[in-house]
Novice: 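Okay, handing you the structure first.
Note that this is a predicted model, so its numbers are computed, not measured. Below, each value reflects all heavy atoms present in this structure, side chains not excepted, and no hydrogens, waters or symmetry copies.
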Amino acid sequence: MLKLCKIVLRKVSFDHYLFQKELIKSIKWINKAEAKILKNWCLKNYSAQYGEMIHETFEAIRAI
């Protein structure tokens, strides 16, 4: 599932709204260990574009 999440996020990375929407879905689908891996991957690849949004999204979703 993690691999699929990365593929989808790559494909929608051109649009802030779509990236956040798919990131939220991805976080909900995967387990906590995979979520840590996904967060690190997102920050490594997209922190210049979406760094703050990535942190906020992970905090918001995991707080639920």
Novice: Looking only at non-hydrogen atoms, find the nearest pair between F19 and M53 and report the distance.
Specialist: CD2-CE, 3.3 Å

Novice: Would you please name every residue forming a salt bridge (Lys or Arg N to Asp or Glu O under 4.0 Å) with K6, sequence neighbours left out?
Specialist: none

Novice: Which heavy atom of M1 sits nearest a heavy atom of W29, and at what distance?
Specialist: SD-CE3, 4.1 Å

Novice: Rounded to the nearest 0.5 Å, what separates atom CD in E56 from atom CD in Q20?
Specialist: 8.0 Å

Novice: Taking all non-hydrogen atoms of both residues, which atom of C42 and which atom of L23 are closest, and how far apart?
Specialist: SG-CD1, 3.9 Å

Novice: Check for me, please, whether L9 and I7 land in the same ILVMFWY cluster - side-chain distances under 4.5 Å, paths through other members count.
Specialist: no

Novice: With the side chain counted from C-beta on, respond yes when S47 and I54 share a heavy-atom pair under 4.5 Å apart, and no when they do not.
Specialist: no

Novice: To the nearest 0.5 Å, what is the distance between CD1 on I27 and NZ on K32?
Specialist: 13.0 Å

Novice: Just verifying a value: how many Å separate S26 OG and I61 CD1, rounded to the nearest 0.5 Å?
Specialist: 10.5 Å

Novice: Are the side chains of L43 and H55 in contact, using a 4.5 Å heavy-atom criterion?
Specialist: yes

Novice: For the side chain of Y50 and the backbone of S13, is there at least one donor-acceptor N/O pair under 3.5 Å apart?
Specialist: yes

Novice: Between atom CD of E52 and atom OG1 of T57, what is the distance when rounded to the nearest 0.5 Å?
Specialist: 10.0 Å

Novice: L38 vs F58, test: side-chain contact (heavy atoms from CB on, under 4.5 Å). Steps then yes/no.
Specialist: CA-CA 10 Å; L38 182 63; F58 273 91; 4.2 Å; yes

Novice: Indicate the atoms forming the closest heavy-atom contact of F14 with L18, along with that distance.
Specialist: CZ-CD1, 4.0 Å

